[in-house]
Structures are given as structure tokens and as C-alpha cells.
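Residue numbers start at 1 and run along the sequence shown. In each ligand, atom 1 is the first atom listed, and ligand 1 is the first ligand listed.
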Amino acid sequence: MTSKYDALVVGAGISGCAIASAFARQGRHVLVVERSLRELDRIVGELLQPGGVAALFQLELAHCLRGIEATPAERRVGRSFHHGRFVSNLRAAVSSQPGVTLLEATALELLRDDRTGAVVGAACVRSGGIPEKYYASLTVLADGASSNLRSRYARDRPTARSHFWGLEMLDADLPHPRYAYGILGVGSPVLMYQISARETRILIDIPNEVYCQLGTRKSVRDYIRQRIVPTVPPSVQPSLRQAIKSGRLRSMPNSQMPSTRNKTPGLVIPGDASNMRHPVTGAGMTVALKDAALLAELLSPARVPSLADIQVLREMRRFHWQRKAYSASPNILAQALYLLFVSEDPALIIMQQGFIRYVQEGEQNFAEPAWITGGLVDDPLRLFYHFFKIAIYSIRFQLQQIVWLKLPAALFQSVLLFGSAIAIVWRPITDELQL
Ligand SMILES: Cc1cc2nc3c(=O)[nH]c(=O)nc-3n(C[C@H](O)[C@H](O)[C@H](O)COP(=O)(O)OP(=O)(O)OC[C@H]3O[C@@H](n4cnc5c(N)ncnc54)[C@H](O)[C@@H]3O)c2cc1C
């Protein structure tokens, strides 16, 4: 069977659904291919930052937050929920739109025109069926973090230094219900947020080398009991102990991958398939939704009447650079925050303490970093401003604590601190500047 659509979207996850919906609203015919339409049961994508909620409104998909017990989080503007319920709502919204066909099938390979090299569709297989070819003017590869179709088109491979290990706590007594918690500065970063009225997710970052030493799931449970339980608020500890004893313990790699500019005609790669950052700041869905909004703008019928037009490739160049406006800050922030808080470098430990004191000093220090994390302020220069202000604040704080005799050593330590601060943002900055 062969078909011709304006767009073929591989993957009905966050970005695939959002893009398919936006294209359909613009009058395009869209085929969405998803390998499983069952409700997803994953420990990823459960906290949607305020910037992501704003993008959902822009995409006219905010109603997908209804009916899933989405808990207001982050100053009551972000939302946390069961990922699978949210994605099921997105899929239902997309499949009900005129012009969209949602097909349960696995994309096996992308089809290319031998002469031009352009991607012209995908070979897909339904359960128990034989492979069929589907053709479209534009193929959107939105198959997420574990994409096995992107390798030909991406310069980099995903790398993961750690995994998030997740448990679900029942009736956890959170000191501030409806707020998301990040527990930093006590070894493994820990995230905690309600995903329904009674359930609270806890995610614990365990570096790969630590897991190699632990070796078994039982040892991971012991590690969480001994190392993590004392770091969470006392009122939460009974629920966490219970979850360790009888809850489902699951893990996901914390992958990161810089984005590559797509130069293949007929192809677009948004969301996790093209770019990932450590999930410590919960930014992935926000970036994926903003990708969808930007693509809808760049490829709108007013600019690009036909998605078969070569103009699409020019717009892809714009897409690569314009998405930096909202992806660079979360990418750099997530990598820098993670490296800062897992570091055992004495200079960076001083900066960890400085960071915590800095944000505790009040609204004037806390507000803008929270907006940057929440995807509401995207300007990387504001991120660098706060990052280096914290480095200088940490140095000043350290110098105030020491006796005069130790001043030369402290000054030397300060130089090291500043150097280490530059080192942890350097790599993510150079990743962002890659052509
Ligand atoms: C541990 C962890 C926690 C996270 N927590 C958060 C968080 O709290 N907040 C946040 O914003 N982000 C979080 N993220 C990141 C977030 O999950 C992703 O950024 C987001 O899901 C990316 O959306 P996507 O559409 O690109 O990919 P996905 O949502 O993964 O969608 C990909 C879709 O493609 C389908 N698919 C794959 N291959 C094929 C194929 N060959 N054929 C057909 N279909 C296919 C899959 O079934 C899936 O439905 C987390 C990530 C991790 C690892």
C-alpha cells in the first residue's frame, strides 16, 4: 500500500502529537505512526514547566491537562501528572482532528529518493503484518530519546553518565504540597513532585559507576534507604520507606545529546530525537513543545505553501538556530547544575554551598533563576549572569570565613573555583555553538 501525505510523523509522544496537531490545524494532511497506542507507563516527563504549559496554550492543546489529576506545581503555573495519561490525552486530541490519521505501527526505516537523497516517507509494520511504505512530502522524526532511526542524520550519539531511579510514594506528607522539590547538595540529586492527588514521584540520580558497585536492584533499594531517606523532609520519610519496601523501582538513562543541524531534504527532527539534556531541571517536554510551536510557525502555509518545497530545507536552517533561543538555556543549565552538584572537587563544593545560600537569600536572588528553570526566561545571558554571580558570591563568602593567615590559600582556592565554574559551562556552551 502506498499513500501520500503532507507530513508523516514518526512517534506520537510529546513532540509528535504537538507537531501533528499544529500541522493539521494549518490544513495539512498528516499521518502519525506510533508503535504502541496503549497508555504509556514511564517514569519520564511527569513535570511540565510553566514555559511548557504556555507552549501548550499556544498550540491550543492546554485542554489535554484536564481530567488527569494534573497537579499545579512551581508557583501553581507548571503541572505534574502521570506521563502516560497526558500523552493519551494528546493522542486523543490529535486523532480527533480533521486531516490526521493515527496508525499503530512501527517505523522500520526512512525511505529515501535515490536521486536526490531526500527522505520521502517511511516503511512501517503493523503488529503481525508485513512492512508497508508510506510517502509524505515531509517526514518528522519524533521518535524520542531511544530513536533507532536518527543515527544516519545526527552527528552525535546520546551519552548517559547516570540513571534516574524512580519510586512512587503513596500519601506522602509533603511540607508544601503542590510544589516540586529538588534536593541538591547531599550527593545524588533527588527530584520529588506529586503526580496525582495521592501519588508522589521520587527520582534519584545514581551515577553509572555507583550502580556498577551496587550491582543489584536490592542494593539500589538499600542505597536509597541508607543514603537518600535521611535527606528528604522527615514527614516524607515513612512513605519513602514504604515505597522502598514494596514499590516498583524503575530506572531510565539520563541521556544528553547536542543538536545537529538537519541537512537532509524532506526531514525534520524535533524533541528528544534531536537534542537531550540531563532531566534534573525537567525541561525536555517544554523544549519539545516549543519545537512544535516554532516548526508550525516556520512551516506555516503562508511561508511554505507545500511541504515538498525546497524552501523547507532553508527553514530547517532557521529552525536549528532559532530553537537555541529557548533550548540553549535549559541545555546549559541542566548540564551545569548536574555537574556542579555531583562534583567532589573541593572548589565546586564551596560553590554548591554558595549556590544554596544565594537562592536562600530571598526573592531577589531566587525569582529569575526559577523563571529560567521554568522555561519562562530563555535568555542565556541571564543564566550566565546568575551563574557567575553565584561563583563570585561563593568566593566572597569563603573569604569572609577565613583567618588572615590562610588568605593566600583561600585566594588560590578562589581562582580554582572560578576556573572550575568556567569548565562546567564550557562544554555545554560549545555544544550549542556547533554548526
Ligand atoms: C528519567 C527522566 C525523567 C524526565 N522527566 C522529565 C520531566 O519531569 N519533565 C520534562 O519536561 N521532561 C522530562 N524528561 C524528558 C522528557 O521525557 C522528554 O524530553 C520528552 O518525552 C520528549 O518528547 P519526544 O516527543 O521527543 O519523545 P517521546 O515522548 O519519547 O515520544 C517518542 C514516541 O515515539 C514512539 N516511537 C519510538 N520509535 C518509534 C518507531 N520506530 N515507530 C513508531 N513509533 C516510535 C514512542 O513509542 C513514543 O511514543 C525526563 C527524561 C528522563 C530520562
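- The E46 neighbourhood of ligand 1 comprises atoms 7 (C), 8 (O), with distances under 4.0 Å to a heavy atom of that residue.
- Nearest protein heavy-atom neighbour of atom 24 (P) of ligand 1: S15 OG, 3.5 Å.
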Item to check | CA sep, side-chain torsions, deciding dist, call: D431, N331, side chain to side chain donor-acceptor pair (under 3.5 Å) | outcome: CA-CA 9 Å; D431 281 347; N331 288 348; over 6 Å; no
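- Take S188 and apply the side-chain hydrogen bond (donor to acceptor under 3.5 Å, both in side chains) test, not counting sequence neighbours, and it matches Y223.
- Considering backbone and side-chain atoms alike, R35 places an N or O below 3.5 Å from some N or O of ligand 1.
- A cation-pi arrangement is present between R382 and Y385, with the terminal nitrogen or guanidinium carbon under 6.0 Å from the aromatic centre and inside a 45° cone about the axis.
- Listed by atom number, the atoms of ligand 1 under 4.0 Å from F164 heavy atoms are 1 (C).
- Taking the ring-ring contact (aromatic ring centres under 6.0 Å, His included) definition, one finds that F341 meets it with F355, sequence neighbours left out.
- With distances taken over non-hydrogen atoms, the option nearest atom 3 (C) of ligand 1 out of I19, N275, V280, V44 is V44.
- Close approach of ligand 1 to G282 (heavy-atom distance below 4.0 Å) involves ligand atoms 7 (C), 9 (N), 10 (C), 11 (O).
- Annotation: R427, atom CZ; neighbour count of heavy atoms from other residues, nucleotides and ligands within 6.0 Å does not exceed 12.
- If you look at R91 next to ligand 1, the close heavy atoms, those under 4.0 Å, all belong to the side chain.
- Between T106 and ligand 1, no N or O atom pair is found at a separation short of 3.5 Å.
- Pairing each heavy atom of S21 with each of Q97, the nearest pair is OG-OE1, 2.8 Å.
- At least one heavy atom of A105 sits less than 4.0 Å from an atom of ligand 1.
- At a heavy-atom cutoff of 4.0 Å, ligand 1 is contacted by no atom of S255, backbone or side chain.
- Polar contact check, A145 against ligand 1: no nitrogen or oxygen pair lies under 3.5 Å apart.
- Residue H83 places no N or O, backbone or side chain, under 3.5 Å from any N or O of ligand 1.
- Closest to atom 18 (C) of ligand 1 among all protein heavy atoms lies D272 OD2, 3.2 Å.
- Between H386 and F366, the ring centre distance reaches or exceeds 6.0 Å.
- The closest approach between H163 and ligand 1 stays at or above 4.0 Å for every heavy atom of the residue.
- In terms of protein heavy-atom proximity, atom 11 (O) of ligand 1 is nearest to M285 N, 2.8 Å.
- Note on K290 versus D378: salt bridge recorded, some NZ/NE/NH1/NH2 to OD/OE distance being below 4.0 Å.
- Nearest protein neighbour of atom 49 (O) of ligand 1, counting heavy atoms only, is E34 OE1, 2.7 Å.
- For the residue pair H82 and E69, no side-chain donor N or O sits within less than 3.5 Å of a side-chain acceptor on the partner.
- The shortest N or O to N or O distance between M252 and ligand 1 is not under 3.5 Å.
- With 3.5 Å as the limit, one finds a donor-acceptor pair spanning the side chains of E132 and Y134.
- Ion pairing between a basic and an acidic side chain is recognised when a charged N comes within 4.0 Å of a carboxylate O; E168 and R201 show such pairing.
- Salt bridge present: D291 and R323 bring a charged side-chain N and a carboxylate O closer than 4.0 Å.
- Ligand 1 has no atom lying under 4.0 Å from any heavy atom of S147.
- A salt bridge does not link E104 with R126: every distance from a Lys NZ or Arg NE/NH1/NH2 to an Asp or Glu carboxylate oxygen is 4.0 Å or more.
- By the 3.5 Å distance cut-off applied to N or O atoms, L203 is not counted among the residues near ligand 1.
- Of the heavy atoms in M276, none comes closer than 4.0 Å to ligand 1.
- Residue-level proximity to ligand 1 for A107 is carried by backbone and side chain together, each with a heavy atom below 4.0 angstrom.
- In terms of protein heavy-atom proximity, atom 31 (O) of ligand 1 is nearest to G13 CA, 3.4 Å.
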Item to check | side-chain contact (heavy atoms from CB on, under 4.5 Å) evaluation trace for V229 with I244 | outcome: CA-CA 10 Å; V229 171; I244 296 168; 3.6 Å; yes
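- Residues N275 and S327 approach most closely at OD1-CB, 4.1 Å, considering heavy atoms.
- The nearest non-hydrogen atom to atom 21 (O) of ligand 1, considering only I14, I195, V125, comes from I14.
- The closest non-hydrogen atom to atom 6 (C) of ligand 1, taken over P279, A273, G45, comes from G45.
- Close approach to L47 involves these atoms of ligand 1, each under 4.0 Å from a residue heavy atom: 7 (C), 8 (O), 9 (N), 10 (C), 11 (O).
- Among protein heavy atoms, the minimum distance from atom 27 (O) of ligand 1 is reached at G144 CA, 3.3 Å.
- Contact analysis puts A283 in contact with ligand 1, with a non-hydrogen atom separation below 4.0 angstrom.
- No more than 12 heavy-atom neighbours from other residues, nucleotides or ligands sit within 6.0 angstrom of NE2 on H29.
- Protein heavy atom at the shortest distance from atom 30 (O) of ligand 1 is R42 NH2, 3.3 Å.
- Residue contact check: V33 has heavy atoms under 4.0 Å from atoms 43 (C), 44 (N) of ligand 1.
- Counting only heavy atoms of the protein, atom 39 (C) of ligand 1 lies nearest to D143 CB, 3.9 Å.
- With ligand atoms numbered from 1 in the order given, ligand 1 contributes 8 (O) to contacts under 4.0 Å with heavy atoms of Y193.
- D6 and S137 share no side-chain donor-acceptor pair at under 3.5 Å.
- The residue C124 has no part lying near ligand 1, judged by heavy-atom distances below 4.0 Å.
- Only the backbone of A142 comes within 4.0 Å of ligand 1, judged by heavy-atom distances.
- Closest approach of R161 and E209 over heavy atoms only: O-OE1, 4.4 Å.
- Close contacts of ligand 1 with G271, meaning ligand atoms under 4.0 Å from a residue heavy atom, involve 26 (O).
- Using 4.0 Å as the threshold, L48 has no heavy atom nearer than that to any atom of ligand 1.
- Using the six-membered ring where Trp is involved, H176 and Y179 have ring planes that are perpendicular, over 60° apart on the 30 and 60° scheme.
- The residues D41 and R248 are annotated as salt-bridged, a charged nitrogen and a carboxylate oxygen being separated by less than 4.0 angstrom.
- Counting atoms of ligand 1 from 1 in the listed order, those under 4.0 Å from a heavy atom of P253 are 53 (C).
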